[in-house]
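All values below were derived from every heavy atom in this structure, side-chain atoms included, with hydrogens, water molecules and symmetry-related copies excluded.
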Amino acid sequence: MITLVRAAWVIGYADGDHAIIADGEVVYEDARIRFVGRGYDGPADRVIDAGNAIVGPGFIDLDALADIDHALIDCWQTPANLLRLQWSEDYFRHRRRDVFSPAERDVKREFAFCQLLRNGITTAMSIAAETHSAWAETYDEMAAAAALARRLGLRAYLGPSYRCGVNVARADGRRDVLWDEAEGQRGFQEAVRFARDFSRSEDDLVRACLLPCRLETLSLDIMRATAAAARELGCPVRVHCLQGTLELQLLQAQHGKTPVQLLADTGLLETQLLIAHGIYIGGHSRNPHPYAGELETLAGAGVSVVHCPMTSLRYGSALESFDRYRRAGVTLALGTDSYPPDMIRNMEYGSTLARWIDGRLDAGAAADLYRAATLGGAAALRRDDLGRLAPGCLADLIVVDLDAPRVGPVDDPIRTLLMNCTGENVRTVVVNGRTVVEDGELPGVDAADLRRRAQAHFDVMKAAYAERDYRPSEAEPLFPPSFRHL
(Lines give C-alpha, C1' and ligand atoms only; values in the text may rest on other atoms or scores of the structure.)
Protein backbone atom coordinates (compact mmCIF):
# COMPACT_ATOMS: atom_id res chain seq x y z
CA MET A 1 0.00 0.00 0.00
CA ILE A 2 1.30 3.48 -0.95
CA THR A 3 0.58 6.34 1.47
CA LEU A 4 1.16 10.04 0.76
CA VAL A 5 1.42 12.50 3.67
CA ARG A 6 1.37 16.27 3.10
CA ALA A 7 2.17 18.88 5.75
CA ALA A 8 3.19 22.49 6.22
CA TRP A 9 6.63 21.29 7.28
CA VAL A 10 8.49 18.09 6.40
CA ILE A 11 11.88 17.35 7.97
CA GLY A 12 13.62 15.56 5.12
CA TYR A 13 17.22 14.41 4.78
CA ALA A 14 19.80 15.48 2.20
CA ASP A 15 23.58 15.65 1.98
CA GLY A 16 24.11 13.99 5.34
CA ASP A 17 21.77 16.09 7.47
CA HIS A 18 18.15 17.02 8.10
CA ALA A 19 16.58 19.62 5.82
CA ILE A 20 13.33 21.59 6.17
CA ILE A 21 10.83 21.29 3.32
CA ALA A 22 7.96 23.79 3.48
CA ASP A 23 4.68 22.38 2.12
CA GLY A 24 6.38 19.02 1.74
CA GLU A 25 5.34 15.45 1.06
CA VAL A 26 6.41 12.04 2.29
CA VAL A 27 5.42 8.87 0.44
CA TYR A 28 5.93 5.39 1.84
CA GLU A 29 5.07 1.99 0.47
CA ASP A 30 4.60 -0.71 3.07
CA ALA A 31 7.61 -0.45 5.41
CA ARG A 32 9.86 1.80 3.25
CA ILE A 33 9.93 5.46 2.27
CA ARG A 34 9.92 6.01 -1.50
CA PHE A 35 9.73 9.82 -1.83
CA VAL A 36 10.43 12.94 0.26
CA GLY A 37 10.06 16.42 -1.22
CA ARG A 38 7.44 18.33 -3.22
CA GLY A 39 5.39 17.61 -6.32
CA TYR A 40 5.03 13.84 -6.07
CA ASP A 41 3.22 12.64 -9.21
CA GLY A 42 3.13 8.88 -8.69
CA PRO A 43 0.38 6.57 -7.45
CA ALA A 44 -1.05 6.76 -3.91
CA ASP A 45 -3.63 4.46 -2.35
CA ARG A 46 -4.11 6.81 0.61
CA VAL A 47 -3.56 10.56 0.93
CA ILE A 48 -3.25 12.25 4.34
CA ASP A 49 -3.31 16.04 4.54
CA ALA A 50 -1.74 16.76 7.92
CA GLY A 51 -2.18 20.52 7.48
CA ASN A 52 -0.31 22.84 9.84
CA ALA A 53 1.99 20.18 11.23
CA ILE A 54 5.54 18.89 11.25
CA VAL A 55 6.16 15.50 9.67
CA GLY A 56 9.51 14.20 10.85
CA PRO A 57 11.36 10.99 11.66
CA GLY A 58 10.27 9.10 14.75
CA PHE A 59 12.32 9.72 17.87
CA ILE A 60 14.94 7.19 19.01
CA ASP A 61 15.01 6.74 22.79
CA LEU A 62 17.99 4.70 23.98
CA ASP A 63 17.16 4.80 27.68
CA ALA A 64 13.42 4.27 27.37
CA LEU A 65 11.38 3.59 30.47
CA ALA A 66 9.72 0.16 30.36
CA ASP A 67 8.39 0.50 33.90
CA ILE A 68 6.18 2.54 36.20
CA ASP A 69 8.50 5.40 37.10
CA HIS A 70 9.88 5.77 40.62
CA ALA A 71 11.07 9.36 40.06
CA LEU A 72 7.68 10.64 41.20
CA ILE A 73 8.46 9.41 44.71
CA ASP A 74 12.23 9.68 45.06
CA CYS A 75 13.76 12.55 43.07
CA TRP A 76 12.67 15.09 45.73
CA GLN A 77 13.66 13.14 48.85
CA THR A 78 15.95 14.29 51.66
CA PRO A 79 19.32 12.46 51.74
CA ALA A 80 18.24 10.57 54.87
CA ASN A 81 14.96 9.42 53.39
CA LEU A 82 16.55 8.54 50.06
CA LEU A 83 18.88 6.17 51.88
CA ARG A 84 15.84 4.39 53.32
CA LEU A 85 14.57 3.64 49.80
CA GLN A 86 17.58 1.41 49.04
CA TRP A 87 17.65 -2.30 49.72
CA SER A 88 18.67 -2.94 53.32
CA GLU A 89 21.40 -5.48 54.04
CA ASP A 90 18.82 -7.66 55.78
CA TYR A 91 16.51 -7.57 52.77
CA PHE A 92 19.40 -8.52 50.47
CA ARG A 93 20.48 -11.48 52.60
CA HIS A 94 17.15 -12.90 53.79
CA ARG A 95 14.00 -11.44 52.24
CA ARG A 96 14.46 -10.35 48.64
CA ARG A 97 11.54 -11.29 46.43
CA ASP A 98 9.61 -10.48 43.27
CA VAL A 99 7.08 -7.83 44.26
CA PHE A 100 5.09 -8.42 41.06
CA SER A 101 3.89 -11.51 39.26
CA PRO A 102 4.68 -11.97 35.55
CA ALA A 103 1.15 -10.81 34.66
CA GLU A 104 1.57 -7.67 36.78
CA ARG A 105 4.93 -6.93 35.14
CA ASP A 106 3.20 -7.19 31.76
CA VAL A 107 0.82 -4.40 32.85
CA LYS A 108 3.62 -1.98 33.70
CA ARG A 109 5.38 -2.74 30.43
CA GLU A 110 2.26 -2.28 28.32
CA PHE A 111 1.58 1.05 30.01
CA ALA A 112 5.19 2.16 29.43
CA PHE A 113 5.35 1.04 25.78
CA CYS A 114 2.07 2.81 25.02
CA GLN A 115 3.41 6.01 26.54
CA LEU A 116 6.57 5.81 24.43
CA LEU A 117 4.52 5.53 21.25
CA ARG A 118 2.14 8.33 22.25
CA ASN A 119 5.15 10.62 22.61
CA GLY A 120 6.45 9.87 19.12
CA ILE A 121 9.16 7.41 20.15
CA THR A 122 9.35 4.81 17.40
CA THR A 123 12.58 3.07 18.44
CA ALA A 124 13.27 2.31 22.10
CA MET A 125 16.02 0.58 24.07
CA SER A 126 14.32 -0.42 27.30
CA ILE A 127 15.27 0.33 30.90
CA ALA A 128 13.46 -0.79 34.04
CA ALA A 129 14.24 -0.74 37.76
CA GLU A 130 15.42 -3.99 39.34
CA THR A 131 14.39 -2.69 42.77
CA HIS A 132 11.14 -4.64 42.80
CA SER A 133 12.55 -7.94 41.51
CA ALA A 134 14.20 -10.70 43.50
CA TRP A 135 17.30 -9.92 41.45
CA ALA A 136 16.99 -8.61 37.89
CA GLU A 137 15.03 -9.23 34.69
CA THR A 138 14.60 -12.69 33.18
CA TYR A 139 14.55 -14.28 29.75
CA ASP A 140 10.81 -14.98 29.98
CA GLU A 141 10.10 -11.40 31.00
CA MET A 142 11.93 -10.06 27.96
CA ALA A 143 10.33 -12.60 25.63
CA ALA A 144 6.94 -11.28 26.78
CA ALA A 145 8.19 -7.72 26.18
CA ALA A 146 9.22 -8.67 22.64
CA ALA A 147 5.76 -10.07 21.92
CA LEU A 148 4.17 -6.90 23.32
CA ALA A 149 6.41 -4.62 21.22
CA ARG A 150 5.37 -6.51 18.09
CA ARG A 151 1.68 -6.30 19.02
CA LEU A 152 1.81 -2.56 19.66
CA GLY A 153 4.16 -1.84 16.77
CA LEU A 154 7.10 -0.42 18.76
CA ARG A 155 10.60 -0.90 17.34
CA ALA A 156 12.46 -2.24 20.37
CA TYR A 157 16.00 -3.15 21.36
CA LEU A 158 15.60 -5.58 24.24
CA GLY A 159 17.54 -7.80 26.61
CA PRO A 160 17.15 -8.91 30.22
CA SER A 161 19.17 -6.80 32.64
CA TYR A 162 21.79 -8.53 34.78
CA ARG A 163 24.06 -7.67 37.68
CA CYS A 164 26.33 -9.30 40.24
CA GLY A 165 25.68 -6.88 43.08
CA VAL A 166 23.12 -4.52 44.55
CA ASN A 167 23.51 -1.04 45.99
CA VAL A 168 22.41 -1.32 49.61
CA ALA A 169 22.19 0.65 52.82
CA ARG A 170 23.98 -1.17 55.62
CA ALA A 171 22.55 -1.18 59.14
CA ASP A 172 24.80 1.72 60.14
CA GLY A 173 23.68 3.81 57.14
CA ARG A 174 26.79 3.27 55.01
CA ARG A 175 26.31 2.76 51.26
CA ASP A 176 27.84 -0.37 49.81
CA VAL A 177 27.45 -3.03 47.13
CA LEU A 178 26.68 -6.59 48.23
CA TRP A 179 27.45 -9.40 45.82
CA ASP A 180 25.91 -12.59 44.50
CA GLU A 181 28.16 -13.74 41.68
CA ALA A 182 26.03 -16.82 40.97
CA GLU A 183 23.02 -14.63 40.24
CA GLY A 184 25.19 -12.47 38.02
CA GLN A 185 26.41 -15.44 36.01
CA ARG A 186 22.89 -16.82 35.68
CA GLY A 187 21.55 -13.47 34.50
CA PHE A 188 24.40 -13.02 32.03
CA GLN A 189 23.79 -16.47 30.51
CA GLU A 190 20.08 -15.69 30.13
CA ALA A 191 20.95 -12.39 28.46
CA VAL A 192 23.26 -14.13 25.98
CA ARG A 193 20.60 -16.77 25.26
CA PHE A 194 18.05 -14.03 24.62
CA ALA A 195 20.48 -12.20 22.32
CA ARG A 196 21.04 -15.38 20.30
CA ASP A 197 17.32 -16.12 20.04
CA PHE A 198 16.24 -12.55 19.23
CA SER A 199 19.26 -11.33 17.28
CA ARG A 200 17.06 -10.41 14.33
CA SER A 201 13.34 -10.75 13.83
CA GLU A 202 11.67 -11.22 10.48
CA ASP A 203 9.76 -7.95 10.80
CA ASP A 204 12.83 -6.06 12.13
CA LEU A 205 10.77 -4.70 15.03
CA VAL A 206 12.70 -6.51 17.76
CA ARG A 207 16.47 -6.71 18.00
CA ALA A 208 18.63 -7.89 20.85
CA CYS A 209 21.17 -6.00 22.91
CA LEU A 210 23.12 -6.64 26.10
CA LEU A 211 21.91 -4.54 29.03
CA PRO A 212 24.09 -4.98 32.11
CA CYS A 213 23.07 -2.78 35.03
CA ARG A 214 25.06 -0.03 36.70
CA LEU A 215 28.82 -0.40 36.33
CA GLU A 216 29.46 -0.57 40.09
CA THR A 217 27.18 -3.65 40.33
CA LEU A 218 29.17 -5.67 37.78
CA SER A 219 32.15 -7.88 38.59
CA LEU A 220 35.26 -7.68 36.42
CA ASP A 221 34.53 -11.18 35.13
CA ILE A 222 31.03 -10.18 33.99
CA MET A 223 32.35 -7.00 32.37
CA ARG A 224 34.90 -9.03 30.39
CA ALA A 225 32.35 -11.71 29.51
CA THR A 226 29.92 -9.03 28.32
CA ALA A 227 32.57 -7.52 26.07
CA ALA A 228 33.44 -10.91 24.57
CA ALA A 229 29.78 -11.82 24.01
CA ALA A 230 29.01 -8.47 22.40
CA ARG A 231 31.87 -8.88 19.94
CA GLU A 232 30.78 -12.42 19.11
CA LEU A 233 27.08 -11.54 18.75
CA GLY A 234 27.64 -8.21 17.01
CA CYS A 235 25.05 -6.48 19.18
CA PRO A 236 25.05 -3.21 21.14
CA VAL A 237 25.92 -3.00 24.83
CA ARG A 238 24.43 -0.31 27.06
CA VAL A 239 25.67 0.24 30.58
CA HIS A 240 24.71 2.91 33.10
CA CYS A 241 27.87 4.60 34.27
CA LEU A 242 29.45 7.97 34.97
CA GLN A 243 26.07 8.90 36.42
CA GLY A 244 26.80 9.70 40.07
CA THR A 245 29.50 10.49 42.60
CA LEU A 246 28.60 7.41 44.66
CA GLU A 247 29.52 5.27 41.66
CA LEU A 248 32.93 6.96 41.48
CA GLN A 249 33.53 6.32 45.17
CA LEU A 250 32.44 2.69 45.05
CA LEU A 251 34.53 1.87 41.98
CA GLN A 252 37.55 3.56 43.51
CA ALA A 253 37.10 1.46 46.66
CA GLN A 254 36.49 -1.77 44.69
CA HIS A 255 39.12 -1.44 41.97
CA GLY A 256 41.11 1.76 42.49
CA LYS A 257 40.08 2.93 39.02
CA THR A 258 37.78 5.36 37.27
CA PRO A 259 34.80 4.12 35.22
CA VAL A 260 36.53 4.91 31.91
CA GLN A 261 39.64 2.99 32.99
CA LEU A 262 37.48 -0.03 33.86
CA LEU A 263 35.67 0.13 30.52
CA ALA A 264 39.05 0.10 28.78
CA ASP A 265 40.60 -2.63 30.95
CA THR A 266 37.68 -5.03 30.52
CA GLY A 267 37.33 -4.60 26.75
CA LEU A 268 33.97 -2.84 26.87
CA LEU A 269 35.40 0.14 24.98
CA GLU A 270 36.02 -2.24 22.08
CA THR A 271 32.32 -3.04 21.70
CA GLN A 272 29.37 -1.14 20.25
CA LEU A 273 29.08 0.60 23.59
CA LEU A 274 26.35 2.99 24.71
CA ILE A 275 26.90 4.78 28.02
CA ALA A 276 23.70 5.95 29.65
CA HIS A 277 24.24 9.36 31.28
CA GLY A 278 28.04 9.64 30.98
CA ILE A 279 28.15 12.78 33.13
CA TYR A 280 30.90 12.44 35.72
CA ILE A 281 34.05 12.24 33.64
CA GLY A 282 37.30 13.56 35.07
CA GLY A 283 37.15 17.32 35.30
CA HIS A 284 33.44 17.50 36.05
CA SER A 285 32.81 20.05 38.78
CA ARG A 286 31.71 17.28 41.20
CA ASN A 287 34.40 14.77 40.24
CA PRO A 288 37.63 15.11 42.26
CA HIS A 289 39.67 13.42 39.52
CA PRO A 290 41.33 15.84 37.11
CA TYR A 291 40.48 15.74 33.43
CA ALA A 292 42.59 13.14 31.64
CA GLY A 293 41.33 13.20 28.07
CA GLU A 294 38.36 10.94 28.78
CA LEU A 295 36.12 12.55 26.17
CA GLU A 296 38.75 11.92 23.51
CA THR A 297 39.07 8.33 24.75
CA LEU A 298 35.33 7.78 24.41
CA ALA A 299 35.18 9.47 21.01
CA GLY A 300 38.16 7.52 19.72
CA ALA A 301 36.57 4.25 20.77
CA GLY A 302 33.31 5.12 18.98
CA VAL A 303 31.34 5.18 22.22
CA SER A 304 27.87 6.75 22.25
CA VAL A 305 26.63 8.72 25.24
CA VAL A 306 22.91 8.53 25.88
CA HIS A 307 22.10 11.93 27.33
CA CYS A 308 19.01 12.06 29.59
CA PRO A 309 18.65 15.77 30.42
CA MET A 310 15.17 15.71 31.96
CA THR A 311 16.04 12.91 34.37
CA SER A 312 19.46 14.39 35.15
CA LEU A 313 17.88 17.68 36.13
CA ARG A 314 15.31 15.94 38.31
CA TYR A 315 18.15 14.36 40.27
CA GLY A 316 20.26 17.51 40.38
CA SER A 317 23.02 16.68 37.91
CA ALA A 318 24.07 17.94 34.50
CA LEU A 319 26.28 17.10 31.55
CA GLU A 320 29.21 19.55 31.39
CA SER A 321 28.43 20.12 28.62
CA PHE A 322 26.42 18.91 25.64
CA ASP A 323 28.43 21.02 23.20
CA ARG A 324 31.74 20.00 24.77
CA TYR A 325 30.95 16.32 24.19
CA ARG A 326 29.73 17.06 20.68
CA ARG A 327 32.85 19.01 19.76
CA ALA A 328 35.03 16.20 21.11
CA GLY A 329 33.40 13.86 18.58
CA VAL A 330 31.36 11.76 21.01
CA THR A 331 28.18 10.39 19.42
CA LEU A 332 25.31 11.90 21.40
CA ALA A 333 21.94 10.17 21.53
CA LEU A 334 19.01 10.89 23.84
CA GLY A 335 17.08 8.91 26.43
CA THR A 336 13.98 9.94 28.37
CA ASP A 337 14.65 7.50 31.28
CA SER A 338 11.64 8.79 33.17
CA TYR A 339 7.95 9.54 33.05
CA PRO A 340 6.54 11.09 30.99
CA PRO A 341 8.76 9.82 28.17
CA ASP A 342 8.28 13.13 26.38
CA MET A 343 11.16 13.46 23.93
CA ILE A 344 10.11 16.96 22.87
CA ARG A 345 10.21 18.17 26.45
CA ASN A 346 13.47 16.25 26.93
CA MET A 347 15.07 18.06 23.99
CA GLU A 348 13.93 21.44 25.34
CA TYR A 349 15.38 20.61 28.78
CA GLY A 350 18.64 19.62 27.12
CA SER A 351 18.84 22.83 25.12
CA THR A 352 18.06 25.05 28.11
CA LEU A 353 20.47 23.14 30.36
CA ALA A 354 23.29 23.50 27.82
CA ARG A 355 22.77 27.27 27.72
CA TRP A 356 22.92 27.47 31.51
CA ILE A 357 26.05 25.30 31.79
CA ASP A 358 27.95 27.07 29.00
CA GLY A 359 26.59 30.56 29.70
CA ARG A 360 25.81 31.14 26.02
CA LEU A 361 22.51 31.60 24.20
CA ASP A 362 23.81 29.70 21.18
CA ALA A 363 24.77 26.59 23.22
CA GLY A 364 22.63 23.48 22.92
CA ALA A 365 21.16 24.48 19.57
CA ALA A 366 17.70 23.10 18.84
CA ALA A 367 19.08 21.48 15.69
CA ASP A 368 21.74 19.62 17.68
CA LEU A 369 19.25 18.27 20.23
CA TYR A 370 16.93 17.22 17.39
CA ARG A 371 19.84 15.46 15.68
CA ALA A 372 20.61 13.63 18.94
CA ALA A 373 16.99 12.42 19.20
CA THR A 374 17.07 11.08 15.64
CA LEU A 375 20.38 10.79 13.78
CA GLY A 376 22.41 10.39 16.98
CA GLY A 377 20.31 7.45 18.10
CA ALA A 378 20.57 5.89 14.66
CA ALA A 379 24.36 6.32 14.68
CA ALA A 380 24.58 4.71 18.13
CA LEU A 381 22.64 1.73 16.78
CA ARG A 382 24.67 1.78 13.55
CA ARG A 383 21.48 2.07 11.53
CA ASP A 384 21.40 4.36 8.50
CA ASP A 385 17.80 3.32 7.80
CA LEU A 386 16.45 5.02 10.95
CA GLY A 387 16.27 8.57 12.29
CA ARG A 388 15.72 10.27 8.92
CA LEU A 389 13.12 10.64 6.18
CA ALA A 390 14.78 9.63 2.92
CA PRO A 391 13.96 7.18 0.12
CA GLY A 392 14.85 3.63 1.11
CA CYS A 393 14.73 4.29 4.85
CA LEU A 394 12.21 2.61 7.09
CA ALA A 395 8.84 4.34 7.33
CA ASP A 396 9.11 5.48 10.96
CA LEU A 397 7.58 8.93 11.12
CA ILE A 398 5.52 11.20 13.34
CA VAL A 399 3.07 14.05 12.79
CA VAL A 400 3.24 16.90 15.33
CA ASP A 401 0.20 19.20 15.35
CA LEU A 402 1.00 22.92 15.28
CA ASP A 403 -2.63 24.06 15.27
CA ALA A 404 -3.22 23.47 18.97
CA PRO A 405 -3.97 26.80 20.73
CA ARG A 406 -1.07 26.35 23.16
CA VAL A 407 1.51 26.13 20.37
CA GLY A 408 1.14 29.75 19.29
CA PRO A 409 2.96 31.36 16.36
CA VAL A 410 5.32 29.22 14.31
CA ASP A 411 8.75 30.46 13.34
CA ASP A 412 11.44 27.92 12.51
CA PRO A 413 9.66 24.55 12.89
CA ILE A 414 12.43 22.85 14.91
CA ARG A 415 12.87 25.70 17.37
CA THR A 416 9.08 25.98 17.62
CA LEU A 417 8.88 22.24 18.28
CA LEU A 418 11.30 22.45 21.21
CA MET A 419 10.06 25.69 22.73
CA ASN A 420 6.30 25.55 22.17
CA CYS A 421 5.33 21.87 21.91
CA THR A 422 5.24 18.74 24.08
CA GLY A 423 4.47 15.10 23.47
CA GLU A 424 0.78 16.03 23.72
CA ASN A 425 1.10 17.54 20.24
CA VAL A 426 2.09 14.23 18.65
CA ARG A 427 -0.96 13.32 16.59
CA THR A 428 0.12 10.38 14.44
CA VAL A 429 2.89 7.80 14.74
CA VAL A 430 3.91 5.36 12.01
CA VAL A 431 6.38 2.52 12.60
CA ASN A 432 7.51 0.24 9.80
CA GLY A 433 4.71 1.68 7.66
CA ARG A 434 2.04 0.77 10.22
CA THR A 435 0.00 3.53 11.87
CA VAL A 436 0.31 2.77 15.58
CA VAL A 437 -1.00 6.07 16.97
CA GLU A 438 -3.85 7.96 15.31
CA ASP A 439 -5.32 11.18 16.71
CA GLY A 440 -3.20 10.60 19.80
CA GLU A 441 -4.64 7.16 20.58
CA LEU A 442 -3.44 3.60 20.10
CA PRO A 443 -5.97 1.50 18.19
CA GLY A 444 -7.22 -1.41 20.28
CA VAL A 445 -5.85 -0.06 23.59
CA ASP A 446 -8.29 0.88 26.36
CA ALA A 447 -6.32 3.82 27.72
CA ALA A 448 -8.58 4.44 30.73
CA ASP A 449 -8.48 0.80 31.85
CA LEU A 450 -4.72 0.61 31.33
CA ARG A 451 -4.23 3.75 33.41
CA ARG A 452 -6.32 2.26 36.25
CA ARG A 453 -4.21 -0.89 36.22
CA ALA A 454 -1.03 1.19 36.15
CA GLN A 455 -2.20 3.13 39.22
CA ALA A 456 -2.83 -0.13 41.10
CA HIS A 457 0.67 -1.29 40.11
CA PHE A 458 2.17 2.00 41.33
CA ASP A 459 0.41 1.73 44.68
CA VAL A 460 1.84 -1.76 45.27
CA MET A 461 5.30 -0.61 44.17
CA LYS A 462 5.20 2.33 46.57
CA ALA A 463 4.04 0.24 49.52
CA ALA A 464 6.85 -2.30 48.99
CA TYR A 465 9.56 0.23 49.84
CA ALA A 466 8.72 -0.07 53.53
CA GLU A 467 9.79 -3.71 53.72
CA ARG A 468 13.26 -2.81 52.39
CA ASP A 469 13.81 0.17 54.73
CA TYR A 470 17.06 -0.22 56.71
CA ARG A 471 15.46 1.80 59.53
CA PRO A 472 11.85 0.57 59.61
CA SER A 473 11.17 2.17 62.98
CA GLU A 474 11.97 5.66 61.70
CA ALA A 475 9.14 8.03 62.63
CA GLU A 476 9.35 10.20 59.50
CA PRO A 477 7.19 8.78 56.68
CA LEU A 478 8.95 7.58 53.57
CA PHE A 479 6.75 9.69 51.32
CA PRO A 480 5.60 12.84 53.10
CA PRO A 481 3.06 14.95 51.18
CA SER A 482 3.88 18.35 49.74
CA PHE A 483 1.25 19.86 52.05
CA ARG A 484 -0.66 18.41 54.96
CA HIS A 485 -3.86 16.58 54.11
CA LEU A 486 -7.12 17.86 55.59
Side-chain angles (χ1 to χ4, degrees), residues 1-15 17-42 44-61 116-123 153-155 342-344 347 366-367 369-375 377-378 385-404 407 409-442:
M1 180 177 178
I2 301 174
T3 302
L4 167 80
V5 184
R6 295 193 182 100
W9 307 100
V10 168
I11 310 304
Y13 183 82
D15 301 321
D17 200 2
H18 292 308
I20 297 169
I21 306 169
D23 298 318
E25 299 168 329
V26 178
V27 180
Y28 57 94
E29 182 175 10
D30 300 325
R32 296 277 173 179
I33 296 171
R34 57 184 291 174
F35 176 86
V36 181
R38 300 189 193 92
Y40 175 74
D41 61 0
D45 301 301
R46 183 187 182 202
V47 176
I48 301 171
D49 189 349
N52 188 27
I54 299 170
V55 176
F59 299 130
I60 299 174
D61 186 343
L116 293 169
L117 288 169
R118 280 195 177 93
N119 282 280
I121 292 160
T122 55
T123 298
L154 176 68
R155 192 180 302 284
D342 188 335
M343 187 61 81
I344 297 173
M347 288 188 287
L369 270 296
Y370 189 83
R371 288 187 186 103
T374 53
L375 299 174
D385 57 351
L386 298 177
R388 69 210 74 192
L389 300 184
C393 291
L394 288 166
D396 291 6
L397 57 95
I398 64 173
V399 178
V400 181
D401 180 21
L402 298 178
D403 262 342
V407 173
V410 176
D411 179 33
D412 174 87
I414 297 301
R415 287 192 291 271
T416 300
L417 177 75
L418 266 66
M419 296 184 70
N420 293 11
C421 298
T422 70
E424 287 288 330
N425 299 106
V426 176
R427 181 197 308 165
T428 302
V429 180
V430 176
V431 182
N432 234 30
R434 170 187 166 189
T435 301
V436 296
V437 175
E438 196 158 17
D439 293 327
E441 298 298 329
L442 282 78

Would the distance check show the side chain of Asp396 and the main-chain N or O of Asn432 forming a donor-acceptor pair, the cut-off being under 3.5 Å?
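At least one qualifying donor-acceptor pair exists.
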
Return yes if some donor-acceptor pair links the side-chain N/O of Asp30 with the main-chain N/O of Met1 below 3.5 Å, else return no.
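Flag set: sc Asp30 to bb Met1 pair under 3.5 Å.
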
Nearest 0.5 Å please: distance from the [atom1] atom of [X] over to the [atom2] atom of [Y].
X      : Y      : atom1 : atom2 : answer
Trp9   : Thr416 : CH2   : OG1   : 8.5 Å
Ile48  : Arg6   : CD1   : CZ    : 11.0 Å
Ile414 : Ile11  : CD1   : CD1   : 4.0 Å
Leu402 : Ile54  : CG    : CD1   : 4.5 Å
Leu397 : Thr3   : CG    : OG1   : 9.5 Å
Leu116 : Arg155 : CG    : CZ    : 14.5 Å

Qualifying residues under salt bridge (Lys or Arg N to Asp or Glu O under 4.0 Å), relative to [X], sequence neighbours excluded:
X      : answer
Asp41  : none
Asp61  : none
Arg388 : none

Going by heavy atoms in the side chains, are Asp17 and Arg371 under 4.5 Å from each other?
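Contact flag for Asp17/Arg371 side chains = yes.
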
Check: Ile344 and Leu417 side chains under 4.5 Å, non-hydrogen atoms
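Sidechains of Ile344 and Leu417: in contact.
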
Can you run down the salt bridge (charged side-chain N to carboxylate O under 4.0 Å, His left out) pairs that involve residues 45-60, sequence neighbours left out, and say none if there aren't any?
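For residues 45-60: Arg46-Glu438.
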
Show which side-chain atoms of residues 418-426 pair as donor or acceptor with protein atoms under 3.5 Å away, not counting sequence neighbours.
from	atom 1	to	atom 2	distance (Å)
Asn420	ND2	Val407	O	2.8
Thr422	OG1	Glu424	N	3.1
Asn425	OD1	Thr422	N	3.0

Partner set under side-chain hydrogen bond (donor to acceptor under 3.5 Å, both in side chains) for [X], not counting sequence neighbours:
X      : result
Thr374 : His18
Asp403 : Asn52
Asp385 : Arg383
Asp412 : none

Over all atoms of both residues, closest heavy-atom pair of [X] and [Y]:
X      : Y      : value
Val5   : Ala50  : CG1-CB, 4.5 Å
Ala373 : Met347 : CB-SD, 3.7 Å
Ala366 : Arg415 : CB-CG, 3.8 Å
Ala53  : Ala7   : O-CB, 3.6 Å

Begin from the C-alpha positions of Phe59 and Ile398 and carry the test side-chain contact (heavy atoms from CB on, under 4.5 Å) through to its verdict.
CA-CA 8 Å; Phe59 299 130; Ile398 64 173; 3.6 Å; yes

Step by step, would you call Leu386 with Leu394 a side-chain contact (heavy atoms from CB on, under 4.5 Å)?
CA-CA 6 Å; Leu386 298 177; Leu394 288 166; 3.8 Å; yes

Taking ring pair (Phe, Tyr, Trp, His ring centres under 6.0 Å) as the test, write out the residues that go with Tyr28, two or more places apart.
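Scan of Tyr28 (ring pair (Phe, Tyr, Trp, His ring centres under 6.0 Å), adjacent residues dropped) gives none.
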
Which residues pass the side-chain contact (heavy atoms from CB on, under 4.5 Å) test with Phe35, not counting sequence neighbours?
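Phe35 satisfies side-chain contact (heavy atoms from CB on, under 4.5 Å) with Glu25, Val27, Tyr40 once adjacent residues are dropped.
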
Which residues pass the side-chain contact (heavy atoms from CB on, under 4.5 Å) test with Leu442, not counting sequence neighbours?
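Partners of Leu442 by the side-chain contact (heavy atoms from CB on, under 4.5 Å) criterion, ordered by chain and then number, come out as Cys114, Leu117, Arg118, Leu152, Val437, Val445.
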
Out of Val429, Thr428, Val26, which one pairs with Val399 under the side chain to side chain contact (heavy atoms under 4.5 Å, CB included) rule?
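The side chain to side chain contact (heavy atoms under 4.5 Å, CB included) with Val399 is passed solely by Thr428 among Val429, Thr428, Val26.
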
